[in-house]
Structure formats: structure tokens, C-alpha cells
Amino acid sequence: MIKNIISHLILALALVLSGCGQDHQANVSIRLAHGLDIQHPVHKSLQYMDQQLQTISSGQMRLEIYPSGQLGSEREIIELLQIGTLGMTKVSASSLEAFVPEMKVFSVPYLFNDQAHYWKTLDSDIGKALLDAGLEYRVKGLGYFDAGSRSFYTTAKKVEQPADLNGLKIRVMNSQSAVDMVNTIGGAATPVSWGELYTALQQGIVEGAENNPPSFFYSKHYEVSKYFLLDEHTSIPDIIIIGTHLWNKLSEQQRHWLNEAMTRATHYQKELWAESTKMSLQKIQEAGVEVLIADKTLFQNSVQPIYQQLQGQPLGELVNDIKALGALQ
């Protein structure tokens with residue numbers, strides 16, 4: 001493990017030394033790393049962002065994309081951004097929690113009424129402020145990608161209501177918010193890295209997990225999981241972030257180009273994600289997975305202790321502001 005991290009650091013440093021983000025240079029190549037497969041809609045959307053950036057800048061700016069965890073886990077990649085040895089990355093808002101505490105709000109279960117409320121929030125002043133909340137931690141958010149809604153899936157036991165999760169070892173991300181949510185509902189939250197999850201499910205180290213349909217399909221977790229419960233407990237966006245060491249070196253023109261490419265990629269990714277979600281649900285059912293529709297009221301009631309704990313806290317105030325946006329729809 002240590003050897004791999006050192007290798008990643010050496011490679012990332014070599015990339016930076018080759019000219020990433022130097023002051024106002026005529027041609028800027030920004031290295032962007034992420035952990036997803038090249039068939040994933042997020043990777044395809046990042047490729048689209050690169051194409052748009054090259055078009056907008058007349059070839060003066062581009063992205064050089066390193067997929068599939070080539071430079072490490074999401075946490076490791078964020079740290080590379082912070083120390084200035086990598087330019088950009090795509091991470092889950094949950095992965096940013098350890099660096100940007102405000103990102104915990106996206107892990108509050110059943111926060112959004114629907115997709116319209118979700119995107120209204122991301123496009124609002126609240127969403128924009130959250131993108132800048134990491135500046136003091138040396139990362140800046142450029143924009144959001146849709147990561148759908150996360151739902152539970154299990155290997156052997158069918159889950160249809162909160163009580164069915166009692167005692168089940170459910171894999172979660174390395175996020176305290178995710179741990180608290182699963183434990184509150186009644187499961188036994190078990191953090192496992194994404195790359196090790198297939199084997200953990202196969203060997204019974206965990207008995208289930210939670211994620212969106214495309215990730216469930218592209219990871220092939222449907223091969224070892226028989227049930228997928230559409231309870232849609234959280235909608236946690238992916239965020240495209242850039243290290244402030246690089247952002248501060250870009251000219252106003254270069255920042256404009258990058259922001260415009262981000263906007264175009266967001267629109268493209270939303271459409272691609274919707275198509276991918278529909279396709280993924282169809283494919284997993286064809287593979288023999290039973291897709292169940294949850295009674296969300298039961299699950300919403302089961303997580304009320306989380307809302308009670310947030311009362312009077314800054315995060316609770318942010319939750320109230322987001323809920324208020326939904327009430328205005």
C-alpha cells in the first residue's frame with residue numbers, strides 16, 4: 001500500500017513538473033484523475049468536458065484524464081490536489097466531508113423532495129456557496145454532476161422495510177454520516193473501499209451495500225447481489241474540484257473557459273445519467289436481480305433521530321434552508 005502511494009505521488013509530481021497550470025502559458029493541460037471505469041457515464045462526461053474546453057479555448061486548454069483509480073482513492077487524490085501535485089478530480093460530496101464539513105449536508109437522508117428540488121438546490125446560492133466552502137482547504141468546486149439517488153442492495157436477504165436491515169452488515173463509504181444513517185435505520189454499517197466491495201459481497205464480509213443503479217451495474221455487483229431496493233435515501237452529487245494552487249495561476253480568460261466547459265458538461269451529464277439509470281435498472285433485472293420499490297414513509301420515519309440531533313446546529317440550519325427551497329416549488 002505504501003509503495004503504491006509513493007508511486008502515485010512520484011507520477012503525479014512528474015505530471016506537474018511537465019507543465020500543468022504554469023502561469024498564463026499559451027497551452028494549459030490540466031491533469032484530472034478519478035476512480036471510475038471508462039464506461040461509466042461520469043468518465044464519458046469528463047471526456048465531453050475536455051472536448052468542449054478545447055473547442056471553447058481554440059485548443060489552448062485541455063484535460064488529461066486518468067480514470068479507474070490510477071492515481072489512488074478519492075481521499076488520496078484530494079490530498080494530491082491539496083499539496084499541489086494534481087490539477088483536478090471528480091469526487092463524491094461524501095468523500096469531501098473529511099475536508100469540507102459543510103458537505104455532510106448531502107448525506108442527510110431524505111433531504112430532497114425529488115429531482116427538481118435537488119437541482120434547484122445545487123443551482124441556488126446554497127449550492128454555489130458549498131462549491132466555495134473548500135477554499136480554505138485548498139480545493140475549489142467547479143460544478144456538480146448527477147450521481148442519482150443511493151439505494152440499498154443485498155446478497156441473500158430481501159429488504160423491504162427498515163426492520164429487514166436489522167443486524168445486516170451494510171457497506172458504506174468512509175463517511176461518518178453514512179455510518180450514522182445505516183446504524184440509525186438498524187443495519188451494521190461497515191466501511192469498505194469501493195475497489196474491494198465486490199469481493200467483500202462475494203465472500204460475505206458484508207451482506208449488502210448502497211449506491212445508485214449505474215454504479216451497481218457497472219461494478220457488476222449485480223452478479224453477487226440478488227436484491228435492489230429503490231428507497232433512494234440520499235442524493236449525493238459528484239463534484240468536480242480543482243486545486244487552488246492551479247486555480248490561482250489561471251488567468252480570468254482561462255477560468256472563464258473552464259467554467260463554460262463545466263456548465264456544458266453538467267447539462268450533458270444529466271442527460272447521460274438519466275439514460276444510464278434507466279438502462280442499468282433494465283440490465284440488472286434481466287440478470288435476475290429483483291428490484292423492489294420501498295415505502296419511503298417507513299424509511300423516512302426511521303431516520304427522524306438524525307434530524308432531531310441536527311436541531312440547533314449549523315448543519316441543521318443548512319438542512320432547514322434546503323427544505324425551505326423545496327417548500328417553494
Side-chain angles (χ1 to χ4, degrees), residues 35-37 40 69 73-74 92-95 97 104 106-111 147-236 238 276-277 279-306:
L36 297 173
D37 182 85
H40 197 284
S73 67
E74 287 200 341
S92 169
S94 287
S95 296
E97 284 183 19
K104 293 178 181 178
F106 290 116
S107 294
V108 175
Y110 304 105
L111 177 63
S149 296
R150 300 177 75 91
S151 294
F152 291 109
Y153 53 93
T154 49
T155 54
K157 182 180 178 181
K158 183 185 296 188
V159 172
E160 297 180 275
Q161 56 186 339
D164 296 331
L165 281 170
N166 286 348
L168 284 186
K169 292 176 291 184
I170 302 296
R171 178 267 178 183
V172 294
M173 295 178 286
N174 189 19
S175 156
Q176 188 59 48
S177 298
V179 170
D180 292 342
M181 179 199 66
V182 169
N183 288 343
T184 299
I185 295 174
T190 308
V192 175
S193 71
W194 180 247
E196 297 174 352
L197 181 51
Y198 185 101
T199 301
L201 290 164
Q202 188 178 46
Q203 296 180 352
I205 296 171
V206 293
E207 299 161 281
E210 46 89 47
N211 216 318
N212 53 61
S215 293
F216 179 66
F217 172 67
Y218 286 110
S219 64
K220 299 185 185 294
H221 291 172
Y222 65 87
E223 295 177 347
V224 290
S225 302
K226 296 180 180 179
Y227 305 105
F228 192 96
L229 176 70
L230 276 171
D231 68 290
E232 299 177 318
H233 45 264
T234 52
S235 297
I236 303 174
D238 281 336
S276 181
T277 298
M279 178 275 294
S280 297
L281 287 170
Q282 178 182 336
K283 291 291 187 182
I284 64 174
Q285 289 180 84
E286 290 174 356
V289 174
E290 184 175 353
V291 176
L292 306 156
I293 306 298
D295 181 345
K296 289 187 180 180
T297 302
L298 296 176
F299 286 88
Q300 289 169 338
N301 291 337
S302 73
V303 298
Q304 284 311 301
I306 292 176

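If you read the sequence from its start, that first residue is 1, and numbering goes on from there.
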Chemist: Counting only heavy atoms not in Lys226 (residues, nucleotides, ligands), do more than 12 fall under 6.0 Å from its NZ?
Modeler: no
Chemist: Could you walk me through whether His233 and Phe152 pass the side-chain contact (heavy atoms from CB on, under 4.5 Å) test, one step at a time?
Modeler: CA-CA 9 Å; His233 45 264; Phe152 291 109; 3.5 Å; yes
Chemist: To the nearest 0.5 Å, how far apart are OG in Ser215 and CG in Leu197?
Modeler: 10.5 Å
Chemist: Testing the basics here: between Thr155 and Val224, what is the closest heavy-atom pair and its distance to 0.1 Å?
Modeler: CG2-O, 3.1 Å
Chemist: Could you check if a side-chain atom of Thr234 sits within less than 4.5 angstrom of a side-chain atom of Leu111, using non-hydrogen atoms only?
Modeler: no
Chemist: Between CD1 of Ile185 and CG of Leu298, what distance do you get to the nearest 0.5 Å?
Modeler: 11.0 Å
Chemist: Under 4.5 Å between any side-chain heavy atoms of Ser280 and Phe216, yes or no?
Modeler: no
Chemist: Supply the atom-to-atom distance Asn212 CG to Phe228 CZ, rounded to the nearest 0.5 angstrom.
Modeler: 7.5 Å
Chemist: Check whether Asp231 reaches the backbone of Ala294 with its side chain - one donor and one acceptor, N or O, closer than 3.5 Å.
Modeler: no
Chemist: For the CD1 atom of Ile205 and the OG1 atom of Thr199, what is their distance to the nearest 0.5 Å?
Modeler: 7.5 Å
Chemist: If you define the side chain from C-beta out and look only at heavy atoms, does anything of Tyr153 sit under 4.5 Å from Ile284?
Modeler: no
Chemist: State the CG-OH distance between Asp164 and Tyr227, to the nearest 0.5 angstrom.
Modeler: 11.0 Å
Chemist: Can you give me the closest heavy-atom contact between Thr184 and Val303, atom names plus distance?
Modeler: CG2-CA, 4.2 Å
Chemist: So which atom in Pro213 and which in Thr277 form the shortest heavy-atom distance, rounded to 0.1 Å?
Modeler: CG-CG2, 4.1 Å
Chemist: Check Lys158 against Leu292 and note the closest heavy-atom contact, atom names and distance.
Modeler: CG-CD1, 3.5 Å
Chemist: Please check: side-chain N/O of Glu74 versus main-chain N/O of Gly35, any donor-acceptor pairing under 3.5 Å?
Modeler: no
Chemist: Does Tyr110 form a side-chain hydrogen bond (donor to acceptor under 3.5 Å, both in side chains) with Asn301? I'd like the steps, not just the answer.
Modeler: CA-CA 10 Å; Tyr110 304 105; Asn301 291 337; over 6 Å; no
Chemist: Could you tell me the separation between the CG atom of Asp37 and the OH atom of Tyr218, rounded to the nearest 0.5 Å?
Modeler: 9.0 Å
Chemist: Which of parallel (below 30°), tilted (30 to 60°) and perpendicular (above 60°) describes Tyr198 and His221?
Modeler: tilted
Chemist: Taking all non-hydrogen atoms of both residues into account, name the closest pair between Ile170 and Ala209 and its distance.
Modeler: CG2-CA, 3.9 Å
Chemist: Over all heavy atoms of both residues, which pair between Ala287 and Tyr222 is shortest? Give the atoms and the distance, please.
Modeler: CB-CD1, 3.6 Å
Chemist: Would you say Ile236 and Ser107 make side-chain contact, with heavy atoms under 4.5 Å?
Modeler: yes
Chemist: Under 4.5 Å between any side-chain heavy atoms of Ile306 and Pro109, yes or no?
Modeler: yes
Chemist: Could you give the side-chain donor-acceptor pairs of residues 171-179 under 3.5 Å, partners two or more places apart or in another chain?
Modeler:
from	atom 1	to	atom 2	distance (Å)
Arg171	NE	Val192	O	2.8
Arg171	NH2	Val192	O	3.1
Ser175	OG	Glu97	OE1	3.1
Ser175	OG	Glu97	OE2	3.2
Ser175	OG	Ser177	N	3.3
Ser175	OG	Ala178	N	3.2
Gln176	NE2	Asp180	OD1	2.8
Ser177	OG	Glu97	OE1	3.3

Chemist: Within a reach of under 6.0 Å around NZ of Lys169, are more than 12 heavy atoms found that belong to other residues, nucleotides or ligands?
Modeler: yes
Chemist: Strictly below 4.0 Å, N to O, side chains only: are Lys157 and Glu207 in salt-bridge contact?
Modeler: no
